[in-house]
Protein chains: 2
Amino acid sequence: MATIRDVARAAGVSIATVSRVYADSPAVSEESTRRVLSAGARLDYWPNAAARSLTTSRTGALGVLLPDIHGEFFSEVIRGIDQAACTESFQVIVSGSHAHADALVSMGRSLRGRVDGLIVMAPDEACTPAIAQLARSFPIVLLNCSASCDSCDSISIANFEGAHTLVRHLLSLGHRRIAIILGPAGNVDAEDRRQGYRAALREAGIEPDSALEFAGDFSESSGYVAADALLRHASGVDAVFATNDCMAIGLLSALQDRGTHVPTDVALAGFDDIAVARYLNPPLTTVRVDAFQLGQRAVSLWLAHRQDRSVERGPVREVLPVRLVVRGSCGWRPSAGVGKADSLRERAVPARSRAGVVPFGAAGDQPLSSGMPAP
Amino acid sequence: MATIRDVARAAGVSIATVSRVYADSPAVSEESTRRVLSAGARLDYWPNAAARSLTTSRTGALGVLLPDIHGEFFSEVIRGIDQAACTESFQVIVSGSHAHADALVSMGRSLRGRVDGLIVMAPDEACTPAIAQLARSFPIVLLNCSASCDSCDSISIANFEGAHTLVRHLLSLGHRRIAIILGPAGNVDAEDRRQGYRAALREAGIEPDSALEFAGDFSESSGYVAADALLRHASGVDAVFATNDCMAIGLLSALQDRGTHVPTDVALAGFDDIAVARYLNPPLTTVRVDAFQLGQRAVSLWLAHRQDRSVERGPVREVLPVRLVVRGSCGWRPSAGVGKADSLRERAVPARSRAGVVPFGAAGDQPLSSGMPAP
DNA sequence: TGGGATGATGTAACCGTTTTCTCAGGCCTT
DNA sequence: AAGGCCTGAGAAAACGGTTACATCATCCCA
């Protein structure tokens, strides 16, 4: 592999000149530039990234630490990050499966000199100290983290508002005894959604009943299992809010296995709006989270952060709005008569589906929060 | 940030000793090791990756170049790669959206000194020269590429066999006039699937009819659009093979919009077995591709390649087996009476679903190819 | 007791860049 | 014509590690 010296020799200039040409520095004559580029092309030369970042102490790369890159939610987050990073000529180093704090710290460590900063997603509260540790070495943006470190910007999902709006919608349809399938203990998303659920009930004059709160862990099978407890303990349940779509799917299957019909016997709603949701039978009412945008915004935040690192200011905390997506599983029906073809068209033409997902300008069509940085 | 010199000073040793301790070199006394590690911990030191890779000319990172990281297929590939790389202590640098050859080359360039090698996925034939160019700088494993470069190992999907088996299955159900929705022009997966389709027809004594081959581009909307042409041009079609699941979904929606019932009016099958497939109504018969394993195997191949780089040998070409997944959309029904609960349980319990996907030991349950390296 | 083997450690060159000086030469000003 | 100022280019010092080689005890055995 050709080095800067080979090119300098071939072009009859010094290495400094070659360096300047490849760094787009000014003050290189046209003649020199031409000769350097031609020699470089001939030798298939390109500056070595490691050497470059050693002197500049910039790497042009961004690390992404995720708990587990399973499922489409993460894939969309990564896509958003990659897209945003790419337009700023940043490379993305992804690493999944950082369930526990130790892995987080050791990963951050081995990224020293390899990235300029980190986007960290660790929804488990137990990771808070690990994140504080990492923040001493890197500028970090927290993605959907429980931790709120003073030196980190963060972006998260409007979990509370989403759950709150969803439950209010269920209430508006006349449901009173509304159960919830919880997420994993210690997961901040899950907890916020529960709080939104409770708040909506209280506002409707209903005291939350812990007997209606069933365990779950965001997996499809935990939703399936919850059905038994649900049917056994609380026969009078009108509606169920599964705190994510996977569990809603498991629950739906279990209910159908047991001859319970959705939505006539019991209404069902989820959270996330994964791709499958609209294809279920009945299609699932849920809350849409724009994972792609979440990733994009995280990068924007990070770029902004590093720009004005000198400027003294508190951490920026951004909340990504979500929106209610009303479909058949909660028993809602349009008052005006609408043909079957319309609802099917939503599924068929991607370009139109975004607008069509919330049918007929239903109440949930507005963003739930502004998406602006909060103090 | 502390450097090796800071630690050496604090521990009262030379930088060589510190280096040796962090590189797990032998021949460092216990006493020195203890003092170095303690000083290192106190100063929060960790070797700088850029500096290290500059001297060793190893980076401990693996680049992954993908055409577009949209959808769950890619997310699974990345997960497989990350998982396999992680167990070998390799970092993964992902980059998506390399639709055209130029982007591929310039990306590879900027990865100089940043990765030890590349896993490249570029199903478009036009990228072949770009790949050859990259292969001069890096050890590369090709993922599902049309290009077959002499110095690259490659792994791909058994597209031909999958399509062949699927179409044979359709034939065995009595379908004779079987249409196909093609993929994008120049896409090697799409082309191989078409060849498998044609071969199966010929073996059954049916001459492939180009009037039954409809354009498509792997997108849901192109499947939707294909329905019109299909219904107009070829009223006597028994069955349709959409060369991926997305198009099958679009097609299914369009057919339902037009009052055509699947599978009674026309049978339908896809390819890929994306997560949505089993939740469609009717559930989609398709060919399962294990994207996770595809990613894992690519890394294994790459690791093996770099181990015996000195050894002279031809390129390894591995083909990942696929398998037929029979569901309701092609009109197949079990001869024995089976209750509804069974088919629903497949959907509900993930742990069982793998075994349950091919119901009742149907013909397609065996792998279609051995997965061993071919000469 | 001397000398070679052994084992722990230190010295210094090197990896491939960037960047700060320094310098030469040409041009403008006075 | 002399001095000051630009402009382009080169020399050399980092950057933070690794590692070949040198050094120096120590120990063992002849």
Side-chain angles (χ1 to χ4, degrees), chain A residues 1-37 39-40 43-61 89 91 109-116 137-138, chain B residues 1-40 43-61 91 109-116 137-138:
Chain A
M1 197 95 314
T3 75
I4 199 171
R5 271 163 252 276
D6 300 325
V7 178
R9 202 175 313 121
V13 297
S14 75
I15 61 167
T17 301
V18 177
S19 173
R20 284 192 265 258
V21 168
Y22 279 89
D24 283 327
S25 286
V28 179
S29 70
E30 251 181 70
E31 166 67 10
S32 294
T33 303
R34 203 182 46 66
R35 273 165 49 195
V36 166
L37 287 180
L43 296 171
D44 192 24
Y45 168 78
W46 198 257
N48 180 297
R52 179 173 262 181
S53 62
L54 184 57
T55 45
T56 59
S57 64
R58 278 174 288 110
T59 63
S89 305
Q91 241 116 54
R109 218 174 231 151
S110 75
L111 251 26
R112 289 250 178 104
R114 204 181 278 278
V115 299
D116 293 333
S137 317
F138 297 106
Chain B
M1 197 94 314
T3 75
I4 198 171
R5 275 162 246 276
D6 300 324
V7 177
R9 202 177 312 121
V13 298
S14 74
I15 61 167
T17 302
V18 177
S19 174
R20 284 191 265 257
V21 167
Y22 279 90
D24 282 329
S25 287
V28 180
S29 70
E30 253 181 66
E31 167 67 11
S32 294
T33 304
R34 203 183 46 67
R35 274 167 47 196
V36 166
L37 287 180
S38 123
L43 297 171
D44 193 25
Y45 168 79
W46 199 258
N48 180 299
R52 182 174 259 182
S53 63
L54 185 56
T55 45
T56 59
S57 65
R58 279 174 287 111
T59 65
Q91 241 115 54
R109 212 170 237 155
S110 75
L111 251 24
R112 290 248 179 106
R114 203 180 279 279
V115 298
D116 293 333
S137 316
F138 298 106

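Per chain, numbering begins at 1; letters A, B, ... match sequence-line order.
Remark: C1' of D/dT18 and CZ of B/Arg58 are 10 Å apart, rounded to the nearest angstrom. Here D/dG16 presents its P atom at 14 Å from CG of B/Leu43, a figure rounded to the nearest Å. Rounded to a whole Å, the CG atom of B/Leu54 is 13 Å from the C1' atom of C/dA13. Distance CH2 (B/Trp46) to P (D/dG17): 12 Å, rounded to an integer number of Å. The nearest whole Å value for the distance from the CD atom in A/Glu30 to the P atom in D/dT7 is 16 Å. When rounded to the nearest whole Å, the span between CZ of A/Arg114 and C1' of D/dG17 equals 13 Å. In this structure, A/Arg52 places its CZ atom 5 Å from P of C/dT18, rounding to the nearest Å.
Close to C/dT17, at under 4.0 Å from its OP1 or OP2, lies a side-chain N or O of A/Tyr45. Considering only side-chain N and O atoms, B/Ser29 lies under 4.0 angstrom from the phosphate OP1 or OP2 of C/dT9. Here A/Ser19 does not reach the OP1 or OP2 of C/dG16: none of its side-chain N or O atoms lies under 4.0 Å away. Applying the 4.0 Å criterion to OP1 and OP2 of C/dC15, one finds that B/Thr56 has every side-chain N and O outside that range.
Heavy atoms of B/Val18 sit nowhere under 4.0 angstrom from any nucleic acid atom. Among the atoms of the strands shown, only primed sugar atoms or phosphate atoms (P, OP1, OP2) are found under 4.0 Å from some heavy atom of A/Ser32.
How far CE of A/Met1 is from OH of A/Tyr45: 11.5 Å, rounded to the nearest 0.5 Å.
Below the 3.5 angstrom threshold, one finds no donor paired with an acceptor across the side chain of B/Arg20 and the base of D/dG17.
The rotation axes computed at either terminus of the helix from C/dT1-D/dA30 to C/dT30-D/dA1 lie 50° apart, taking five pairs at each end and rounding to 10 degrees.
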**Request:** Please report the C-alpha distance between A/Ile4 and A/Tyr22 in whole Å, then the side-chain angles of each, then the deciding distance to 0.1 Å, and finally whether the side-chain contact (heavy atoms from CB on, under 4.5 Å) criterion is met.
**Result:** CA-CA 10 Å; A/Ile4 199 171; A/Tyr22 279 89; over 6 Å; no

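Here the side chains of A/Glu31 and A/Val36 are not in contact, with every heavy-atom distance at 4.5 Å or above. Residues A/Gln91 and B/Ser110 form a side-chain contact, since some pair of their non-hydrogen atoms from C-beta on lies under 4.5 Å apart. B/Val21 is not listed as a side-chain neighbour of B/Val18, based on a closest heavy-atom distance of 4.5 Å or more. Within the 4.5 Å cutoff, no side-chain heavy atoms of B/Phe138 are placed close to those of B/Asp116.
Put simply, the side chain of B/Ser32 never gets that close to the backbone of B/Val28: no donor and acceptor are under 3.5 Å apart.
Both B/Ala23 and A/Glu31 sit near DNA chain D, but only A/Glu31 has its closest nucleotide nearer the 5' end.
Checking C/dC15, C/dA8, D/dA9 against every side-chain atom of B/Ala27, the shortest atom distance belongs to C/dA8.
Side-chain contact check for B/Thr56 and B/Ser53: no donor-acceptor pair (N or O, by modelled atom type) lies under 3.5 Å. Between the side chains of B/Arg114 and B/Thr59, no donor N or O sits under 3.5 Å from an acceptor N or O.
Under a 4.0 Å N-O distance rule, the pair A/Arg34/A/Glu30 does not qualify as a salt bridge.
A heavy atom closer than 4.0 Å to some atom of DNA chain C occurs in A/Thr3, A/Ile4, A/Arg5, A/Ile15, A/Ala16, these being the qualifying members of residues 1-16 of chain A.
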